[in-house]
Amino acid sequence: GTCGCGTADDDTDGDGTPDCDDGCPADTAKTAPGTCGCGTADDDTDGDGTPDCADACPTFAAKSANPGRCGCQEVDFDTDGDGYMDCEEHCTADADKIHPGVCGCNVSDQDTDGDGIPDCIDACDDDPTKSDSPGVCGCNVPDTDTDSDGTPDCNDQCPVDAAKTVPGDCGCGRVDGDDDSDGVFNCNDPCPNDPLKTHPLDCGCGVAD
């Protein structure tokens with residue numbers, strides 16, 4: 001027979017190869033152990049050259065030794081070179097960020113004036129007292145209205161006179177009134193109640209000369 005005198009031509013696994021010539025006498029699928037050994041198929045599901053039995057990612061041809069940081073089915077690639085794999089971050093093309101933050105990827109979340117509002121959404125990024133808008137007076141100038149007349153001091157030539165925003169003829173703090181309607185304001189009219197005189201002259205105010 002095949003096995004010679006003194007050795008039975010038994011074929012335990014019934015694969016057509018006698019046990020004496022069968023490296024895996026109890027494994028119908030093999031006659032030699034191959035890479036994976038008897039009882040385990042040397043299949044290579046992903047066709048990467050590494051049998052499934054020795055392949056950490058048997059269905060992903062790009063990996064075989066180990067799943068890496070991203071696991072099977074995803075390549076361990078670090079596009080921006082920041083030390084974080086693309087699978088581990090949300091800003092794969094921004095080396096300074098792994099999360100978008102407030103400003104988004106590729107835009108710094110820097111807060112120059114330290115007011116808690118990032119520069120990217122701060123209308124006055126160098127003025128900690130303003131962020132939503134420059135206001136009426138602009139960045140770095142307070143919109144204070146000292147006399148509460150509705151006009152900020154930056155645009156008010158009389159910031160402590162609620163009745164005026166410009167000095168007029170009489171100046172801040174003095175009314176530009178003309179009681180006698182003679183065309184000369186009281187502040188410049190020595191005879192403020194005499195429409196016929198703006199100076200007392202010899203006879204005085206209220207008395208014709």
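Between Asp147 and Lys164, every side-chain heavy-atom pair lies at or beyond the 4.5 Å cut-off. When side chains are defined from C-beta on, Val75 counts as touching Phe60, because their heavy atoms get closer than 4.5 Å. Residues Pro33 and Cys24 have side chains in contact (heavy-atom distance under 4.5 Å, counting atoms from C-beta outward).
Taking a cutoff of 4.0 Å between a charged side-chain nitrogen and a carboxylate oxygen, Asp76 and Lys63 qualify as a salt bridge.
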For this session: Please lay out, stage by stage, how Asp80 and Lys97 fare under the test salt bridge (Lys or Arg N to Asp or Glu O under 4.0 Å).
Result: CA-CA 10 Å; Asp80 54 19; Lys97 287 184 171 183; over 6 Å; no

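The nearest pair of heavy atoms linking Thr79 to Thr92 is CB-O, 3.2 Å. Between Cys103 and Pro118, the shortest heavy-atom contact is SG-CB, 3.7 Å. In terms of heavy atoms, Asp156 sits closest to Cys158 at OD1-N, 2.9 Å. When all heavy atoms of Arg69 and Gly83 are compared, the pair lying nearest together is NH2-O, 3.0 Å. Shown here for Asp178 and Asn186, the closest heavy-atom pair between the two residues is CA-OD1, 3.5 Å. The shortest non-hydrogen separation linking Asp48 to Asp55 is OD2-OD2, 2.8 Å.
In this structure, the side chain of Asp111 engages the main chain of Gly114 through a donor-acceptor pair within 3.5 Å. Although no hydrogens or angles enter the test, the distance criterion places no donor-acceptor pair under 3.5 Å between the side chain of Asp179 and the main chain of Pro192. Looking at Asp153, its side chain does come within 3.5 Å of a backbone N or O of Thr146 through a donor-acceptor pair.
How far CG of Asp194 is from CG of Asp182: 8.0 Å, rounded to the nearest 0.5 Å. Between atom CG of residue Asp169 and atom CG of residue Asn188 there is a gap of 6.5 Å, rounded to the nearest 0.5 Å. Between Cys57 atom SG and Asn66 atom CG the span is 7.5 Å, to the nearest 0.5 Å. Here the CD atom belonging to Glu74 is positioned 5.0 Å from the SG atom belonging to Cys87, to the nearest 0.5 angstrom. From Asn155, atom CG reaches atom CD of Gln157 across 9.5 Å, with rounding to the nearest 0.5 Å. Separation of atoms CG (Asp94) and OG (Ser108) is listed at 9.0 Å; rounding is to 0.5 Å.
Under the side chain to side chain contact (heavy atoms under 4.5 Å, CB included) test applied with Ser131, the options Ile121, Asp122, Asp113 reduce to a single match, Asp122. When Asp115, Asp143, Asp125 are each tested for a salt bridge (Lys or Arg N to Asp or Glu O under 4.0 Å) with Lys130, only one passes: Asp143.
Side chains of Thr112 and Asp119: a donor on one and an acceptor on the other come within 3.5 Å. For Asp19 and Thr12, the side-chain atoms include at least one donor-acceptor pair closer than 3.5 Å.
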Can you give each donor-acceptor pair under 3.5 Å made by side-chain atoms of residues 34-41, sequence neighbours left out, with the distance rounded to 0.1 Å?
none

Give the table of side-chain donor-acceptor pairs shorter than 3.5 Å for residues 197-209, with sequence neighbours excluded, one pair per line with atom names and distance.
{"unit_1": "Lys197", "atom_1": "NZ", "unit_2": "Pro200", "atom_2": "O", "d": "3.1"}
{"unit_1": "Lys197", "atom_1": "NZ", "unit_2": "Gly204", "atom_2": "O", "d": "2.7"}
{"unit_1": "Lys197", "atom_1": "NZ", "unit_2": "Val207", "atom_2": "O", "d": "2.5"}
{"unit_1": "Lys197", "atom_1": "NZ", "unit_2": "Asp209", "atom_2": "OD1", "d": "3.4"}
{"unit_1": "Lys197", "atom_1": "NZ", "unit_2": "Asp209", "atom_2": "OD2", "d": "3.2"}
{"unit_1": "Asp209", "atom_1": "OD1", "unit_2": "Cys203", "atom_2": "N", "d": "2.8"}

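With sequence neighbours excluded, no residue satisfies salt bridge (Lys or Arg N to Asp or Glu O under 4.0 Å) with Asp78. In this structure Ile98 satisfies the side chain to side chain contact (heavy atoms under 4.5 Å, CB included) test together with Asp82, Tyr84, Glu89, sequence neighbours excluded. Annotation: side chain to side chain donor-acceptor pair (under 3.5 Å) contacts of Asn106 (sequence neighbours excluded): none. Residues meeting the side chain to side chain donor-acceptor pair (under 3.5 Å) test with Asp11, sequence neighbours left out: none.
When hydrophobic clusters are built by joining Ile, Leu, Val, Met, Phe, Trp and Tyr residues whose side-chain heavy atoms come closer than 4.5 Å, directly or via intermediates, Val102 is not grouped with Val107.
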